[in-house]
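Here is the structure we will look at.
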Amino acid sequence: MATSLLRIPPPQALLRPLVVPERLLLGPGPSNVPQRIQAAGGRQILGHMHPEMLQVMDEIKAGIQYAFQTQNQLTLAISGSGHCAMEAALFNLLECGDTILVAINGIWGQRAAEIARRLGANVYELLKPPGEYFTPRDIEEGLVQHKPSVLFITHGESSTGVLQPLEGLGELCHRHGCLLLVDAVASLGGAPIFMDQQEIDVLYSGSQKVLNSPPGSAPISFSERAREKVLRRKTKPRSFYLDIGWLGNYWGCDGEPRRYHHTAPINSFFSLREGLAMLAEIGLESSWERHRANCARLCQGLLSLGLELFVKDEKARLPTVTTVRVPEGYNWKDITAFLMDNHAMEITGGLGPTVDKVLRIGLMGCNSTGENVNRVLRALRDALGSCRRSRL
Ligand code: PMP
């Protein structure tokens, strides 16, 4: 009998069935994936260049144009998570030596600044304490002082629970010869955004929040101004995978025959298509209203439990992710663990500047319901009764 050359045996864990418990995901994402979207992702795959697949991609593009409220031709889904779309935006907009102003009031600005520095850009930071937002005046001062070619700002700051008003920022940036780049990963579909009317130059989001699709694909769109800046580049974008010229061609945005660039995550795109279809069926305005109303109910309920909301200004509260201060005398980890163990429910602690300070509760897409508001409030009441002063 031939002796095996294998030195590593098959892992025992893989010889057992996959375990995926049922959970209600009320953290800042991912959110639960409804049956229809799961079923779409479970369909047999197509080749990434088959005409039927290209048709699905065209439908995704139309869905993103609706969700973003844009007519931009250069609109597509990145094969990757929200970070990948953030990198796609920055890798294409910035060349070594370009100046970018990054509005930082939470972790997402910090991440954008980190990526821009790695690209060799001159990075200036405009700072606000976590829980606050930027006024047009703050932005204008930064534009005048630093003369950036790009401004980065986060619409839905999911680490702090702040909704950034965008009115007038696009026009302001353009008056100062600057492009406006907006992160709407946590807010798209849950709070109004109008890419064309608000003169946003690059906008990106994610699949796993309000769109209730699995993580791994990320809508993005470039305005004509942004496209022109990319065309004027002296150097090629540092990333081939995220080169918007190649991606735009694969997505049929440039009128040229579509060429193979990479193998698209076919099933993720099936799911994203259904997530966008469900948003189109519900309609943006009723989706925004549903998120607003359920967030308001949640905030009321949290106040009734004697908890303190982290974002003081009511109109600056992000309708998709609510931040509440960790109550005095409690360890946040006990609370999140209690909800997971006793209610099969995820809420999370803070992130970046809000670590140890807040709990974050997400109500996104199909998870934004009155029933889930009641469930999370009941579970929190239960936790507050059981976790008091433990291990502090
Ligand atoms: N930006 C914001 C506002 C986010 O909430 C997130 C995800 N929490 C990201 C970017 C990054 O997305 P991902 O985790 O999908 O890479």
Side-chain angles (χ1 to χ4, degrees), residues 25-33 64 67-68 77-91 102-116 118 128 130-134 151-166 180-191 193 200 202-221 239 241-242 265 268-269 271-272 275 291 295 310-311 316-323 346-355 358-365 367-368:
L25 301 178
L26 300 187
S31 54
N32 288 95
V33 178
I64 299 171
F68 283 9
I78 298 287
S79 304
S81 77
H83 275 91
C84 206
M86 188 189 284
E87 292 208 335
L90 293 166
F91 273 62
V102 182
I104 302 182
N105 56 347
I107 198 174
W108 304 111
Q110 292 173 356
R111 289 274 161 102
E114 160 77 18
I115 295 166
R118 289 178 184 219
K128 274 273 168 180
E132 294 184 19
Y133 60 86
F134 297 87
L151 170 78
F152 173 94
I153 200 158
T154 309
H155 186 223
E157 224 311 334
S158 57
S159 69
T160 62
V162 167
L163 181 69
Q164 169 65 47
L166 297 172
L180 175 60
L181 163 57
V182 177
D183 176 322
V185 172
S187 54
L188 183 74
I193 194 162
I200 298 168
V202 179
L203 181 61
Y204 65 86
S205 188
S207 53
Q208 77 275 27
K209 310 257 180 181
V210 171
L211 294 176
N212 295 133
S213 302
S217 62
I220 195 167
S221 179
S239 166
Y241 189 60
L242 299 177
S268 299
F269 284 177
S271 292
L272 178 62
H291 286 81
C295 173
F310 184 67
V311 180
R317 289 185 193 139
L318 178 58
T320 46
V321 181
T322 297
T323 41
E346 179 190 50
I347 67 165
T348 70
L351 179 68
T354 59
V355 166
V358 303
L359 292 165
R360 295 184 296 155
I361 304 169
L363 295 171
M364 295 189 271
N367 280 356
S368 171

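Every number for a ligand or one of its atoms is a count from 1 in the order of the listing.
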What protein heavy atom is closest to atom 1 (N) of ligand 1, reported as residue, atom name and distance in Å?
-> Asp183 OD2, 2.7 Å
Closest to atom 12 (O) of ligand 1 among protein heavy atoms sits Gly82 CA, 3.4 Å
Run down the list Arg360, His83, Gln208, Glu157 and name the one with the heavy atom closest to atom 15 (O) of ligand 1.
-> Gln208
Out of Ser81, Ser217, Gly156, Pro28, indicate the one that has the non-hydrogen atom closest to atom 3 (C) of ligand 1.
-> Gly156
Gly206: heavy atom below 4.0 Å from ligand 1, yes or no?
-> no
Which atoms from ligand 1 have a heavy atom of Ser158 less than 4.0 Å away?
-> 3 (C), 4 (C), 5 (O)
Considering only heavy atoms, does Lys209 approach ligand 1 within less than 4.0 Å through its side chain, its backbone, both, or neither?
-> side chain
May I have the step-by-step check of side-chain hydrogen bond (donor to acceptor under 3.5 Å, both in side chains) for Asn105 and Tyr133, ending in yes or no?
-> CA-CA 7 Å; Asn105 56 347; Tyr133 60 86; over 6 Å; no
Distance flag, aromatic centroids of His155 and Trp108, threshold under 6.0 Å = no
Would Asn212 and Ser31 satisfy side-chain hydrogen bond (donor to acceptor under 3.5 Å, both in side chains), going step by step from the backbone distance to the final call?
-> CA-CA 6 Å; Asn212 295 133; Ser31 54; 2.8 Å; yes
Single hit among Leu351, Leu359, Val358 for side-chain contact (heavy atoms from CB on, under 4.5 Å) with Thr323 | Val358
With side-chain hydrogen bond (donor to acceptor under 3.5 Å, both in side chains) as the test, would you mind laying out the steps for Ser159 and Glu157 before giving the verdict?
-> CA-CA 6 Å; Ser159 69; Glu157 224 311 334; 2.6 Å; yes
Mind checking whether Ser187 and Lys209 have side chains closer than 4.5 Å, heavy atoms only?
-> no
